[in-house]
Amino acid sequence: MTAPVGIFDSGVGGLSVAREIRRELPSEHLLYVADTAYVPYGDRSEDEVRERTLRIGEWMQGQGAKVFVVACNTASGAALEALRERLTIPVIGLEPAIKPAVRDSPSGRVGVMATTGTCGSARLQRLVDNYGNGATVVRQPCPGLADMVEDGVLAGPELDARMAEYVAPLRAADVDTVVLGCTHYVFVREAIQKALPGVKLLDSSTAIARRTRQILEEANSLASDGPGSVRIFTTADPAGAERIVHRLWGEPEAVQRVEI
Ligand code: DGL
């Protein structure tokens, strides 16, 4: 078997990225780690998130992964530079899609929904400084939203009520485009769209899948031998994770526990 593509998130949110990678590169073997024992990352310190991300990166490299995709904005913001220093395999990080949002926003008023960690990160600030181009960029932390996705709350009145609170400042700022700056939020896109009618929603998952292809092509290490496979690991109770993984992934996948 050819070397796997390692993909990781604090929980199941990164499956939204894994899904796009699977679509783009169906022959690749995917190795996914959900650090469920430590979710949510968004409420943890940068140091703690960096520490976990480095450990998981080293584990992936030890498993023979040929690339490490950090399918988590919060972990990318906290640990990308450190990972690139520590690992010898290529590291692909995620960042909120500020650049295309600002470029395509007719009104120049853009929102970002993300974790508290990402909203306060130097990395997001750099993106706004570099690509903000005079636009108004409203940062909206959504504490608790990733947890709802982990708990399988993907629709319904409880989610709608919470969503109305999150989006109120974005509506007041009259944004026409909102960046989904957390991979979990892709799975509640419909609820976000319902709360923000007419607003364009952007995420980075297809761009990351294309970037993964590009990196593997450049390294001449694309898999070419038939259908790929998916192995999913969690650092917490696999029974709990399996229920939500089945719903989000859409095909039954066994979830194995791993100590990292
Ligand atoms: N999915 C993660 C992200 O993209 C964060 C969720 C969390 O653990 O707080 O930022």
Side-chain angles (χ1 to χ4, degrees), residues 6-21 32-57 68-80 83 91-98 101 111-127 139-154 159 162-163 166 178-189 191-192 201-209 211-212 232-236 240-241 244-245 247-249 260:
I7 306 172
F8 134 83
D9 179 43
S10 58
V12 292
L15 290 173
S16 59
V17 174
R19 187 170 63 183
E20 293 306 322
I21 292 179
Y32 185 94
V33 171
D35 194 14
T36 324
Y38 289 82
V39 73
Y41 276 11
D43 300 339
R44 294 183 183 275
S45 72
E46 269 204 359
D47 285 350
E48 200 177 358
V49 172
R50 187 178 311 110
E51 160 75 13
R52 288 302 301 159
T53 304
L54 286 170
R55 280 179 80 134
I56 291 166
F68 183 44
V69 181
V70 183
C72 175
N73 294 270
T74 313
S76 297
L80 220 53
L83 271 175
V91 177
I92 300 176
L94 212 60
E95 61 188 22
I98 300 290
V112 185
M113 294 172 78
T115 65
T116 307
T118 295
C119 285
S121 70
R123 198 146 183 268
L124 180 58
Q125 185 56 50
R126 266 203 308 278
L127 279 175
R139 285 158 236 211
Q140 181 59 46
C142 306
L145 187 51
D147 306 77
M148 289 179 100
V149 174
E150 290 290 321
D151 293 340
V153 184
L154 307 177
L159 180 63
R162 189 73 78 82
M163 204 58 84
Y166 295 137
V178 165
V179 175
L180 305 185
C182 169
T183 50
H184 281 77
Y185 303 173
V186 174
F187 289 118
V188 287
R189 194 187 194 105
I192 296 173
L201 304 181
L202 282 182
D203 72 83
S204 315
S205 45
T206 48
I208 290 300
R211 179 82 188 125
T212 307
I232 300 178
F233 292 89
T234 173
T235 54
I244 184 68
V245 166
R247 281 182 69 192
L248 300 182
W249 191 251
I260 302 178

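Keep in mind that what you see is a predicted model, and the values were worked out from it rather than measured. First listed ligand is number 1; within each ligand, the first listed atom is number 1.
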Name all residues meeting the side-chain contact (heavy atoms from CB on, under 4.5 Å) criterion together with Ser76; count only those two or more places apart in sequence or in a different chain, and write none if there are none.
Val70, Leu80, Leu94, Arg123

Would you say the side chain of Thr118 lies within less than 4.5 Å of the side chain of Pro96, judging by non-hydrogen atoms?
yes

Residue Arg55 excluded, over 12 heavy atoms near CZ under 6.0 Å
no

Salt bridge (Lys or Arg N to Asp or Glu O under 4.0 Å) contacts touching residues 111-120 (sequence neighbours left out)
none

Can I get a per-line list of side-chain donor-acceptor pairs under 3.5 Å for residues 142-154, giving both atom names and the distance, sequence neighbours left out?
| unit_1 | atom_1 | unit_2 | atom_2 | d |
| --- | --- | --- | --- | --- |
| Glu150 | OE2 | Val12 | N | 2.7 |
| Glu150 | OE2 | His184 | NE2 | 2.6 |

Should the pair Phe8 and Phe68 be assigned to parallel (<30°), tilted (30 to 60°) or perpendicular (>60°) ring geometry?
parallel

Near ligand 1, which residues have a heavy atom under 4.0 Å away from one of its atoms?
Asp9, Ser10, Val39, Pro40, Tyr41, Gly42, Cys72, Asn73, Thr74, Thr115, Ala146, Cys182, Thr183, His184

